[in-house]
2 protein chains.
Amino acid sequence: MKRIAESTVRRLSLYLRFLEEFEARGQVTVSSEELAQQGGTTSAQVRKDLSFFGSFGKRGLGYSVPELASQLREILGLGRKWRVVVVGAGKIGAALVQYRGFRQRGFDVVAVYDNDPRVIGHKWNGLVVRDVRGFGTDEVQRPDIAVVAVPAEQAQAVADLVVRHGVKAILNFASAPLTVPDDVAVKTVNMAMELETLSYSLVNRDVESDDD
Amino acid sequence: MKRIAESTVRRLSLYLRFLEEFEARGQVTVSSEELAQQGGTTSAQVRKDLSFFGSFGKRGLGYSVPELASQLREILGLGRKWRVVVVGAGKIGAALVQYRGFRQRGFDVVAVYDNDPRVIGHKWNGLVVRDVRGFGTDEVQRPDIAVVAVPAEQAQAVADLVVRHGVKAILNFASAPLTVPDDVAVKTVNMAMELETLSYSLVNRDVESDDD
DNA sequence: ACATGTGAACTGCTTCACAGCG
DNA sequence: CGCTGTGAAGCAGTTCACATGT
């Protein structure tokens, strides 16, 4: 299978959400045009995105909502549960663990770590906060995904730690970009960057804003 | 001035952070190569990004750290304070308001809104939670940026409300994309999408992961 | 000699337009 | 006839490579 653009994968994720809405409303069929309108893209884009993975539609008719949803779940790897650990028991970590869509979509938070002795050992959202220095040697099974929610200065050290113990995917909330081996996937969510992009667009009103 | 790619603006934001680190360490000059290494990009990219806005470097020498930092702040519109309101006094809102880099970079949270009568009126991170129905008619000055941190079903209604009252920039944490007029900038941070991108890369190891 | 600034080449994503099929 | 699936065209962002300035 050929390389798929990240932008394509992100749109697939969006399409899936729309399909679930259509499904909840009892709609059994959608056209690429309907999906496109929801997602702020074009029907050609929708069809092209899907075509990388197969032919899921019926010509003259559209796509079966439940069938396409199921295909997308398969493609996105949502057919299974993923073990997630959160490193950093601060506000961001707390918000994440409480986030509804998290567990809902098969991402199970199985452990929380911190390095602050005042927090370690306390119950936190139903989980005991563990000492990060025990990562990988405690009884917690190796997680699939590590969420890094620590200050920027500590982010790289945490990344190194989890990578050393075999974690292959990191969701990074520190504003510092992380350096990891090629076979580890990193997604960085950088709040400051988002805000500054908005700030830029405010002082450059002539430039059109992009609604993504 | 011509249209600048969003990716370029995001990188400028990154460069600024690195420059501030260099500044703190007392380094007075940087080359495009040094900036590139920090940011995981190439020196040509750095120079191209900057060239859209002017010629800030000295040939054979590089860039003055404080001077370039100051230029970038200017370009990004960080030379002033921005009034930010948070709509949705939940966990995500809480995490955001506490986020250090927020106020640090000139983004002042001046009000918090919610629609839950059990929360309205309570002190929350030093601010009283206001009734969202009073938005625009209360004594709070019109904000520059609205952070939408409400459930997906309510996100569009909130967006409509703040846009109606003249807000021109929205940071959206709901997983639903927002529809807004052309002159309003929206940045959507979609946690589910990030997680699903990671999930995808875990089930498609052959595809190389991108460290952004 | 060294590092910037930039036109030109390249790469890859998006859009177009239409053939194909229900 | 309607809507999908897709090769081809178009476009935008990145990389190259070198002329330019110190």
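Note that the structure is predicted; figures quoted are calculated from it, not measured. Below, each value reflects all heavy atoms present in this structure, side chains not excepted, and no hydrogens, waters or symmetry copies.
B:T41 comes within 4.0 angstrom of no nucleic acid atom, judged by non-hydrogen atoms across all strands. As judged by a 4.0 angstrom heavy-atom cut-off over every strand, B:S43 is placed among residues making no nucleic acid contact.
Residue A:Q45 places no side-chain N or O under 4.0 Å from the OP1 or OP2 atom of C:dC13. Here B:Y63 reaches the OP1 or OP2 of C:dG5: one of its side-chain N or O atoms lies under 4.0 Å away. For D:dT4, the OP1/OP2 oxygens have no side-chain nitrogen or oxygen of A:S51 closer than 4.0 Å.
The CG atom of A:L50 sits 10 Å away from the C1' atom of D:dT4 (whole-angstrom rounding). As a whole-Å value, the separation of A:R10 CZ from C:dC13 P is 14 Å. Taking atom CD of residue A:E6 and atom P of nucleotide C:dG12, one finds them 15 Å apart after rounding to whole Å. Regarding A:F56, its CZ atom lies at a distance of 12 Å from the C1' atom of D:dG5, rounded to whole Å. The interatomic distance linking A:L61 (CG) with D:dT4 (P) rounds to 9 Å, in whole Å. C:dT15 atom P lies 10 Å from atom CG of A:D49, rounded to whole Å. Distance, A:R11 CZ to C:dT15 P: 8 Å, rounded to whole Å.
Residues in residues 147-170 of chain B take part in these ring pair (Phe, Tyr, Trp, His ring centres under 6.0 Å) pairs, two or more places apart or across chains: B:F135-B:H165. Among pairs with a residue in residues 17-29 of chain B, those fulfilling salt bridge (charged side-chain N to carboxylate O under 4.0 Å, His left out) read B:E20-B:R73, B:E20-B:R105, B:E21-B:R25, B:E23-B:R73, at least two apart in sequence or across chains. Listed by first and then second residue, the ring pair (Phe, Tyr, Trp, His ring centres under 6.0 Å) pairs that reach into residues 140-164 of chain B come to none, sequence neighbours excluded.
Applying the side chain to side chain contact (heavy atoms under 4.5 Å, CB included) criterion to B:E67, with sequence neighbours excluded, gives B:S64. Among residues two or more places apart in sequence or in another chain, the salt bridge (charged side-chain N to carboxylate O under 4.0 Å, His left out) test is passed with B:D116 by B:R118. Applying the salt bridge (charged side-chain N to carboxylate O under 4.0 Å, His left out) criterion to B:R59, with sequence neighbours excluded, gives no partner residue. Residues that satisfy the salt bridge (charged side-chain N to carboxylate O under 4.0 Å, His left out) test with B:E34, not counting sequence neighbours, are absent from this structure.
Distance check, rounded to the nearest 0.5 Å: CZ of A:R10 to CD of B:E196 gives 11.0 Å. Rounding to the nearest 0.5 Å gives a distance of 5.5 Å between CD1 of A:I92 and CE of A:M191.
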Quiz: residues 74-90 of chain B side-chain donor-acceptor pairs under 3.5 angstrom, not counting sequence neighbours:
| unit_1 | atom_1 | unit_2 | atom_2 | d |
| --- | --- | --- | --- | --- |
| B:R80 | NH2 | B:D144 | OD2 | 3.3 |
| B:W82 | NE1 | A:S199 | OG | 3.1 |
| B:W82 | NE1 | B:G77 | O | 3.0 |
| B:R83 | NE | B:R142 | O | 3.0 |
| B:R83 | NH2 | B:R142 | O | 3.1 |

Could you go through residues 36-45 of chain B and list every donor-acceptor pair under 3.5 Å that involves a side-chain atom there, pairing it with any protein atom two or more places apart or in another chain?
| unit_1 | atom_1 | unit_2 | atom_2 | d |
| --- | --- | --- | --- | --- |
| B:T42 | OG1 | B:Q45 | N | 3.1 |
| B:S43 | OG | B:R47 | NH1 | 3.3 |
| B:Q45 | NE2 | B:D49 | OD1 | 3.2 |

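Only B:S31, B:S32, listed by number, bring a heavy atom of residues 26-37 of chain B to less than 4.0 angstrom from any atom of DNA chain C.
The closest side-chain donor-acceptor pair between B:Q156 and B:D160 falls under 3.5 angstrom.
For the helix from C:dA1-D:dT22 to C:dG22-D:dC1, the end axes, each set by the C1' atoms of five terminal pairs, are bent relative to each other by 0° (nearest 10°).
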Between the protein and nucleotides 16-19 of chain D, are there any N/O to N/O pairs under 3.5 Å, and if so, what are the atom names and distances?
| unit_1 | atom_1 | unit_2 | atom_2 | d |
| --- | --- | --- | --- | --- |
| D:dA17 | N6 | B:R47 | NH2 | 3.4 |

